[in-house]
Asks: 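Starting off with a structure, shown below.
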Amino acid sequence: MNRINKNVILALLTLTSSAFLLFQLYYYKHYLSAKNGAGLSKSKGSRIGFDSIQWRAVKKFIMLTSSQNVPVFLIDPLILELINKNLEQVKNTSHGSTSECNFFCVPRDFTAFALQYHLWKNEEGWFRIAENMGFQCLKIESKDPRLDGIDSLSGTEIPLHYICKLAMHAIHVVVFHERSGNYLWHGHLRLKGNIDKKFVPFRKLQFGRYPGAFDRPELQQITVDGLEVLIPKDPVHFLEEIPHSRFIECRYKEARAFFQQYLDDSTVEAVAFRKSAKELLQLAAKTLKKLGVRFWLSSGTCLGWYRQCSIIPYSKDVDLGIFIQDYQSNIISAFQDAGLPLKHKFGKVEDSLELSFQGKDDVKLDIFFFYEETDHMWNGGTQAKTGKKFKYLFPRFTLCWTEFVDMKVHVPCETIEYIEANYGKTWQIPVKTWDWKRSPPNVQPNGVWPISEWDEVIQLY
């Protein structure tokens, strides 16, 4: 019995030693050798990573787009960040001189490119050629929002996204369309019922969760991992745009319904005001863009965009909002240099600042500065004759892009909450008599300016 037990124990020890030895051999082969560079090249002179699935997919895609003159450029955030960190080195790399795959060989499911659709002349047959090269391609279309304001053309479909898969790697082609205001727009990637939702892991896509708007980028050609590609000349700016690119369309259908119920004012005075207000808004946007100051449509101007896709003719001014942290001391002088004299300045930078500038034809530009609290935001107001202060409360909001009077401008993403804070639940009904001290549901008293501080404001007014 004792002899049997010893034999069993000896066998177990031998088996354990063999298993441990096999584990050591496996660990060395798959981990230590990789860290030391062994196993990365299969033969002498081979280039590291150039046999990866993703590099081969990108290479074939670039060959396809080059041969068909498809105007694409690289917008993949991960790869652009890597390129930007090594931009000078990349710029000095000539075609074919690369010995390692440093950018396109990063293991991942997608590589993202943008297609400038307005420059593409030969879409027909592109799918057939792509499929002949081994790609499986998916085309995602939807209605063209640029035509929503035209009854006869509303519903016309345009391509928004292409996804071309080769083996286990996919190329996501985001289709960029021109919009009024010299910017580029891409649509929402919304899967229709007949699309195979398992074609690729759509949830991992970095573009298409919502429509987006971007400044038109200037492009440069560089060599990346031995492949010639176009990228934004200022990759940092493009990367900064991505998380803030969300776009909201004007609600043309609701605007048409509004004008069926409340006739549009087409008098000479209303037409003239809209023209002057549009010019004033464009001049203000140009001035603030030079300063690098973010702004958004506020108050009546925001209501006009959301409710009727137009400027409210009886509002008599243009209203903009600016976060107080974006205030610059040269804002007043910049507007005056642009031909807009200061009409009044109320409050201080640290409390309730408001600026008003005089445009032509008696159209006024009001700029309200917004202050952030833990659970809300607010802007201030001051009664000119008494120095009485008011505070207007808003739920916290973020900024999205939209198109208004042929421009790309910001509006609150949480638009309905913003408008209801200012105008209540009945904002759909036009109100021509508006008392800014009593009418807004979000207004509350905020004290009175001391005489010593108020005298200075009176002099400006």
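This structure is a prediction, so every number in the text was calculated from the model and none was measured. Excluded from the calculations below are hydrogen atoms, water molecules and symmetry mates; all remaining heavy atoms, backbone and side chain alike, are included.
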Asks: Applying side-chain hydrogen bond (donor to acceptor under 3.5 Å, both in side chains), which residue pairs with at least one partner in residues 391-408 are found, sequence neighbours left out?
Replies: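 side-chain hydrogen bond (donor to acceptor under 3.5 Å, both in side chains) check on residues 391-408 returns R179-E403, Y183-E403, D215-K408, K278-D406, W305-T402, E372-R396, T398-E414.
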
Asks: Between T111 and H169, do the side chains contain an N or O donor and an N or O acceptor separated by less than 3.5 Å?
Replies: yes

Asks: What side-chain donor-acceptor pairs closer than 3.5 Å can you find for residues 125-138, not counting sequence neighbours?
Replies:
unit_1, atom_1, unit_2, atom_2, d
N132, ND2, R128, O, 3.3

Asks: T426 side chain to I429 main-chain N or O, any donor-acceptor pair under 3.5 Å?
Replies: no

Asks: Answer yes or no: is there an ion pair linking E254 with R256, defined by an N-O contact shorter than 4.0 Å?
Replies: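 Between R256 and E254 there is no salt bridge, as every charged N stays at least 4.0 Å from the carboxylate O atoms.
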
Asks: Restricting to side chain to side chain donor-acceptor pair (under 3.5 Å), what partner residues turn up for R56, sequence neighbours left out?
Replies: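 Side chain to side chain donor-acceptor pair (under 3.5 Å) list for R56, sorted by chain: empty.
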
Asks: Examine the side chains of Y418 and W296 and answer whether a donor and an acceptor come within less than 3.5 Å of each other.
Replies: yes

Asks: Can you name the residues that form a side chain to side chain donor-acceptor pair (under 3.5 Å) with D366, not counting sequence neighbours?
Replies: S356, K364

Asks: Scan for side-chain hydrogen bond (donor to acceptor under 3.5 Å, both in side chains) pairs involving residues 329-339, sequence neighbours excluded, and state none if there are none.
Replies: none

Asks: Would you kindly say whether H161 and H172 are connected by a side-chain donor-acceptor distance under 3.5 Å?
Replies: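 Indeed, the side chains of H161 and H172 share at least one donor-acceptor pair under 3.5 Å.
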
Asks: Taking only Lys NZ, Arg NE, NH1 and NH2, and the carboxylate oxygens of Asp or Glu, determine whether K345 and E354 approach each other closer than 4.0 Å.
Replies: no

Asks: Distance only, no hydrogens: is a donor on one side chain within 3.5 Å (strictly under) of an acceptor on the other, for T267 and D265?
Replies: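 Distance-only check passes for T267 and D265.
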
Asks: Output yes when E178 and R146 qualify as a salt bridge under the 4.0 Å nitrogen-oxygen rule, no when they do not.
Replies: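 Salt bridge absent between E178 and R146.
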
Asks: Determine whether the side chains of S310 and R274 contain a donor N or O and an acceptor N or O closer than 3.5 Å.
Replies: yes

Asks: Less than 4.0 angstrom from a charged side-chain N to a carboxylate O is my criterion; do D196 and K198 meet it?
Replies: no

Asks: Taking side chain to side chain donor-acceptor pair (under 3.5 Å) as the definition, give me every residue that meets it alongside Y117, ordered by chain and number, with sequence neighbours left out.
Replies: E123

Asks: Checking V236 now: which residues fulfil side-chain contact (heavy atoms from CB on, under 4.5 Å) with it, not counting sequence neighbours?
Replies: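 Testing V236 for side-chain contact (heavy atoms from CB on, under 4.5 Å), a comparison that skips the adjacent residues, returns N84, D234, E240.
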
Asks: Using the six-membered ring of F323, assess whether NZ or CZ of R294 lies under 6.0 Å from its centre and within 45 degrees of the ring axis.
Replies: no

Asks: Going by the rule disulfide (SG to SG under 2.5 Å), which residues pair with C302 if we only count those two or more places apart in sequence or in a different chain?
Replies: none

Asks: Is K360 salt-bridged to E279, cutoff N-O under 4.0 Å?
Replies: yes

Asks: Can you give me every donor-acceptor pair (side chain of residues 200-213, partner residue at least two apart or in another chain, under 3.5 Å) with its distance?
Replies:
unit_1, atom_1, unit_2, atom_2, d
K204, NZ, D109, OD2, 2.8
R209, NE, L205, O, 3.2
R209, NH2, R203, O, 3.4
R209, NH2, L205, O, 3.1

Asks: Just jot down the side-chain contact (heavy atoms from CB on, under 4.5 Å) partners of E88, sequence neighbours excluded, or say none.
Replies: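 For E88 the side-chain contact (heavy atoms from CB on, under 4.5 Å) partners, ignoring immediate neighbours, are K91.
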
Asks: Return each pair, listed once, that meets salt bridge (charged side-chain N to carboxylate O under 4.0 Å, His left out) where at least one residue sits in residues 307-325; pairs must be two or more places apart or across chains.
Replies: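 Non-adjacent pairs meeting salt bridge (charged side-chain N to carboxylate O under 4.0 Å, His left out): zero.
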
Asks: Only one of F369, Y371, F368, F295 clears ring-ring contact (aromatic ring centres under 6.0 Å, His included) with Y327; which?
Replies: F369

Asks: Excluding sequence neighbours, so at least two apart, what forms side chain to side chain donor-acceptor pair (under 3.5 Å) with H244?
Replies: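 For H244, no residue satisfies side chain to side chain donor-acceptor pair (under 3.5 Å) once neighbours in sequence are set aside.
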
